[in-house]
Amino acid sequence: MKTVNNWINIIQYSLLPASCILCGNRGMQDMGLCQPCYNGLLTVKSHCFCCAKQFESDSSNLQLCGDCQKNPPAFDRTYAPFAHQGAIRYLINQCKFNGAYKNSRLLGLLLGKHLTNNAELPELIIPVPLHPKRYQQRGFNQTLEIAKIIAQQHSIPIDNACCLHIKNTPHQISLTGKQRHKNIKNAFQMVARPNAEHIAILHDVMTTGATANELAKTIKATGVNRVDVWVCARA
């Protein structure tokens with residue numbers, strides 16, 4: 001029944017004009033978000049070049065945080081336009097846990113706008129895959145839907161088949177950083193080498209970076225040279 005409701009949401013959204021998802025006013029540039037609500041989103045300021053963790057001081061001249069200096073992750077750089085607070089957190093949570101499929105389009109447009117001005121674009125996008133049981137529960141993979149918007153904006157292909165989520169991991173929300181790394185360990189399996197040397201992993205939110213690190217490590221084991229991480233928000 002939940003899957004049927006998700007498809008109803010998809011069909012309804014495709015027929016309705018874009019209004020602000022947060023307040024109901026007319027969205028700007030057909031984005032689904034009005035200018036005042038967009039202005040209220042909390043952006044990531046001065047941050048680590050590698051994992052996008054925000055520094056305590058906006059004036060920090062550091063390029064890498066202490067964690068990335070001590071234990072460099074498998075990925076090379078993270079792009080995260082927003083802090084995982086307020087409206088962005090609401091949009092992501094509604095999308096993931098309450099079937100708000102339409103939010104994935106808005107999240108894709110917001111992330112794509114940030115990438116246009118900041119990112120060195122890769123040859124390929126790999127959305128973080130869902131385990132089949134999680135996909136069955138949710139009815140769609142929000143990272144894939146976000147990736148579709150960005151792929152269209154920047155003319156970058158998506159490979160949604162080269163990597164599988166083979167371990168049915170519990171939700172990581174209530175886990176500590178150490179538990180998250182243990183939970184996600186060996187969760188992914190490559191079934192084919194991606195046809196690219198520079199890849200972007202696309203995820204909705206980064207908290208500790210455990211998922212992105214495990215997936216990047218799995219991808220790089222095939223010989224891929226560079227893996228960036230694109231996320232809508234950084235916790």
Do the non-hydrogen side-chain atoms of [X] and [Y] ever get within less than 4.5 Å of each other?
| X | Y | value |
| --- | --- | --- |
| Thr218 | Gln189 | no |
| Arg226 | Ile199 | no |
| Leu215 | Pro129 | yes |
| Asn98 | Asn93 | no |
| Cys162 | Met190 | yes |

When hydrophobic residues are tied together by side-chain contacts of less than 4.5 Å, even through go-betweens, does [X] share a cluster with [Y]?
| X | Y | answer |
| --- | --- | --- |
| Leu144 | Ile125 | yes |
| Leu41 | Leu107 | yes |
| Leu111 | Leu42 | no |

#### Entry: Candidate pair Ile126 and Ile158, rule side chain to side chain contact (heavy atoms under 4.5 Å, CB included), full reasoning
CA-CA 6 Å; Ile126 296 181; Ile158 297 171; over 6 Å; no
Under 3.5 Å, is there a donor-acceptor pair between the side chain of [X] and the main chain of [Y]?
| X | Y | value |
| --- | --- | --- |
| Asn141 | Val128 | yes |
| His154 | Ile156 | no |
| Lys167 | Lys185 | yes |
| Asn118 | His114 | yes |
| Thr116 | Gly112 | yes |
| Arg105 | Ile146 | no |
| Glu123 | Ala196 | no |
| Arg26 | Gly32 | no |
| Arg134 | Thr169 | yes |

### Message
Gln153 vs Leu109, test: side chain to side chain contact (heavy atoms under 4.5 Å, CB included). Steps then yes/no.
### Response
CA-CA 8 Å; Gln153 284 180 326; Leu109 291 172; 3.5 Å; yes
### Query
Between His198 and Asp228, is a side chain to side chain donor-acceptor pair (under 3.5 Å) present by the stated rule, with each step listed?
CA-CA 8 Å; His198 180 191; Asp228 293 340; 2.8 Å; yes
Gap between atom [atom2] of [Y] and atom [atom1] of [X] - 0.5 Å precision:
| X | Y | atom1 | atom2 | result |
| --- | --- | --- | --- | --- |
| Met31 | Leu110 | CE | CG | 5.0 Å |
| Cys34 | Met28 | SG | CE | 8.0 Å |
| Cys23 | Leu33 | SG | CG | 8.0 Å |
| Phe188 | Glu214 | CZ | CD | 7.0 Å |
| Cys48 | Gln63 | SG | CD | 9.5 Å |
| His181 | Thr211 | NE2 | OG1 | 9.0 Å |

Only distances under 3.5 Å count here; give the side-chain donor-acceptor pairs of residues 78-92 to other protein atoms, sequence neighbours excluded, each with its distance to 0.1 Å.
| residue | atom | partner | partner atom | Å |
| --- | --- | --- | --- | --- |
| Thr78 | OG1 | Cys50 | O | 2.7 |

### Message
Can you tell whether the side chains of Glu145 and Lys102 come within less than 4.0 Å, N to carboxylate O?
### Response
no
### N-O pairing of Asp76 and Lys220 below 4.0 Å
yes
Can you name the closest pair of heavy atoms from [X] and [Y] and give their distance?
| X | Y | answer |
| --- | --- | --- |
| Val205 | Lys96 | CG1-NZ, 4.4 Å |
| Ala216 | Val227 | CB-CG1, 3.9 Å |
| Pro127 | Thr143 | CB-OG1, 3.5 Å |
| Gly24 | Ser19 | O-CB, 3.8 Å |
| Cys163 | Val191 | N-CG2, 4.3 Å |
| Val44 | Ala52 | CG1-O, 4.0 Å |

### Query
So His47 and Phe55, ring-ring contact (aromatic ring centres under 6.0 Å, His included) or not? Walk me through it.
CA-CA 5 Å; His47 61 274; Phe55 295 127; 7.6 Å; no
### Task
Classify the side-chain pair Asp204/Gln142 by whether it contains a donor and acceptor separated by less than 3.5 Å.
yes
### Query
Could you walk me through whether Ile201 and Trp230 pass the side chain to side chain contact (heavy atoms under 4.5 Å, CB included) check?
CA-CA 6 Å; Ile201 293 171; Trp230 293 351; over 6 Å; no
### Task
For the pair Ile21 and Asn103, evaluate side chain to side chain contact (heavy atoms under 4.5 Å, CB included) and give the outcome as yes or no after the intermediate values.
CA-CA 8 Å; Ile21 293 173; Asn103 291 8; 3.5 Å; yes
### Message
Can you confirm whether Asn195 is buried at CG, in the sense that more than 12 heavy atoms of other residues, nucleotides or ligands lie under 6.0 Å from that atom?
### Response
no
### Message
Taking side chain to side chain donor-acceptor pair (under 3.5 Å) as the definition, give me every residue that meets it alongside Asn39, ordered by chain and number, with sequence neighbours left out.
### Response
Gln35
Show which side-chain atoms of residues 67-75 pair as donor or acceptor with protein atoms under 3.5 Å away, not counting sequence neighbours.
| residue | atom | partner | partner atom | Å |
| --- | --- | --- | --- | --- |
| Gln69 | NE2 | Leu64 | O | 2.9 |

